[in-house]
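Taking it in order: structure first as structure tokens, then the write-up.
The model shown is predicted, which means the values in this text are computed figures rather than measured ones.
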Amino acid sequence: MKCPFCGEIDSKVIDSRPTEDGEKIRRRRECLRCKKRFTTYEIVETVPIMVVKKDKSRQAFDRQKLLGGMLRACEKRQVSYQTLEAAVDNIEQQLMNSYDREVTSMQIGELAMAELKKIDDVAYVRFASVYRQFSDINTFMEELKEMLGSRSKNIQK
């Protein structure tokens, strides 16, 4: 690390500890030439996740947009904001853990539906109806039958 006082490249770390929020490492350093001390912060470098939309355009992943869609699906349902925050955190973590820096909006939608299915059936159906753009009542009913079929299998286990 370059000394801000004399420009020397070499310094030694005297103290190292995480910041209060745990997101950075604070390091106290001492220049080997002028012996002055200075502080540096180390953070994890993140590469933004790009979302490839249906029209092939790209935009940066926006967790607030995802959270907003899930909130609309859960409107007038007994689902806490913290539960949805945790679901969005889980989705974002899954995206970060994949080595793909580009994901399709369809992948994100599928992850959101999987999370909502665990949280609330009505919210899941609401989100799916918008996301999958049900063209008529028959496709909507097929989704409901599939959901009810999987629920009855889980109850029998």
Side-chain angles (χ1 to χ4, degrees), residues 1-2 4 9 11 13 15-29 38-155 157:
M1 182 60 61
K2 187 176 175 182
I9 299 291
S11 64
V13 176
D15 182 40
S16 184
R17 63 181 71 169
T19 57
E20 287 180 17
D21 63 4
E23 297 291 321
K24 302 175 194 155
I25 301 291
R26 178 185 181 270
R27 299 197 193 282
R28 281 298 287 161
R29 296 177 176 271
F38 57 98
T39 303
T40 60
Y41 292 90
E42 180 180 310
I43 60 168
V44 174
E45 183 178 33
T46 57
V47 178
I49 296 170
M50 297 304 289
V51 178
V52 180
K53 303 186 67 120
K54 288 178 185 175
D55 66 358
K56 304 295 183 213
S57 66
R58 287 166 171 71
Q59 69 182 50
F61 173 73
D62 183 358
R63 69 174 278 121
Q64 287 307 119
K65 187 173 179 181
L66 177 60
L67 181 60
M70 293 174 77
L71 278 167
R72 279 189 300 280
C74 292
E75 214 168 89
K76 297 183 182 177
R77 302 294 303 158
Q78 292 184 351
V79 178
S80 72
Y81 186 81
Q82 289 78 17
T83 302
L84 289 177
E85 275 277 329
V88 172
D89 287 345
N90 189 26
I91 293 167
E92 190 170 24
Q93 194 61 53
Q94 288 179 57
L95 294 174
M96 291 290 201
N97 289 344
S98 76
Y99 292 104
D100 296 329
R101 292 296 106 199
E102 287 190 344
V103 294
T104 64
S105 56
M106 289 178 59
Q107 289 171 297
I108 294 171
E110 292 296 328
L111 290 171
M113 286 193 304
E115 289 293 322
L116 285 170
K117 198 171 199 175
K118 292 183 244 176
I119 296 168
D120 186 270
D121 289 337
V122 173
Y124 164 76
V125 171
R126 285 177 178 172
F127 191 90
S129 69
V130 173
Y131 172 72
R132 292 206 173 129
Q133 297 175 338
F134 293 147
S135 55
D136 57 23
I137 194 72
N138 293 329
T139 54
F140 187 77
M141 288 304 293
E142 286 171 24
E143 183 69 32
L144 285 175
K145 285 177 187 174
E146 184 180 311
M147 189 178 81
L148 291 171
S150 68
R151 180 191 278 175
S152 66
K153 287 178 188 173
N154 289 337
I155 291 172
K157 287 183 181 177

[X] and [Y] ion-paired at < 4.0 Å:
X	Y	answer
Glu75	Arg72	no
Arg29	Asp15	no
Glu20	Arg26	no

Below 4.5 Å, heavy atoms only, C-beta onward: do [X] and [Y] meet side chain to side chain?
X	Y	value
Tyr124	Glu115	no
Asn90	Lys118	yes
Asp120	Leu116	no
Ile119	Thr83	yes
Phe127	Cys74	no

If you measure from [atom1] on [X] to [atom2] on [Y], what distance do you get to the nearest 0.5 Å?
X	Y	atom1	atom2	answer
Ile108	Gln94	CD1	CD	11.0 Å
Leu66	Ser105	CG	OG	11.5 Å
Leu71	Gln64	CG	CD	9.0 Å
Arg126	Lys76	CZ	NZ	8.5 Å

Does one side chain, of [X] or [Y], offer a donor that lies under 3.5 Å from an acceptor on the other?
X	Y	answer
Arg27	Thr40	no
Gln93	Asn97	yes
Ser98	Asp100	no

Provide the closest heavy-atom pair for [X] versus [Y] in the form atom of the first, atom of the second, distance.
X	Y	result
Lys24	Ile43	CG-CG2, 3.1 Å
Ala87	Met70	CB-CE, 3.8 Å
Phe61	Leu95	CE1-CD1, 3.8 Å
Val51	Thr104	CG1-C, 4.4 Å
Ile25	Ser16	CG2-OG, 3.4 Å
Met96	Arg101	O-NH2, 3.2 Å

Give the intermediate values and the outcome of side-chain contact (heavy atoms from CB on, under 4.5 Å) for residues Met1 and Ile9. CA-CA 6 Å; Met1 182 60 61; Ile9 299 291; over 6 Å; no
Crowding at CE, Met50 (>12 non-hydrogen neighbours, <6.0 Å):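 More than 12 within 6.0 Å, yes.
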Pair Leu67-Leu84, side-chain contact (heavy atoms from CB on, under 4.5 Å): steps then yes or no: CA-CA 7 Å; Leu67 181 60; Leu84 289 177; 3.9 Å; yes
Let me see the working for Arg58 and Glu102 under salt bridge (Lys or Arg N to Asp or Glu O under 4.0 Å), right down to the final yes or no. CA-CA 9 Å; Arg58 287 166 171 71; Glu102 287 190 344; 2.7 Å; yes
Determine, step by step, whether Glu85 and Arg63 satisfy the side-chain contact (heavy atoms from CB on, under 4.5 Å) criterion, reporting the C-alpha distance in whole Å, the side-chain angles of both residues, the deciding distance to 0.1 Å, and the verdict. CA-CA 10 Å; Glu85 275 277 329; Arg63 69 174 278 121; 3.2 Å; yes
If we ignore hydrogens and angles and just use 3.5 Å, is the side chain of Glu110 paired with the main-chain N or O of Gln107 as donor and acceptor?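 Checking the backbone N and O of Gln107 against the side chain of Glu110, no donor-acceptor pair under 3.5 Å is found.
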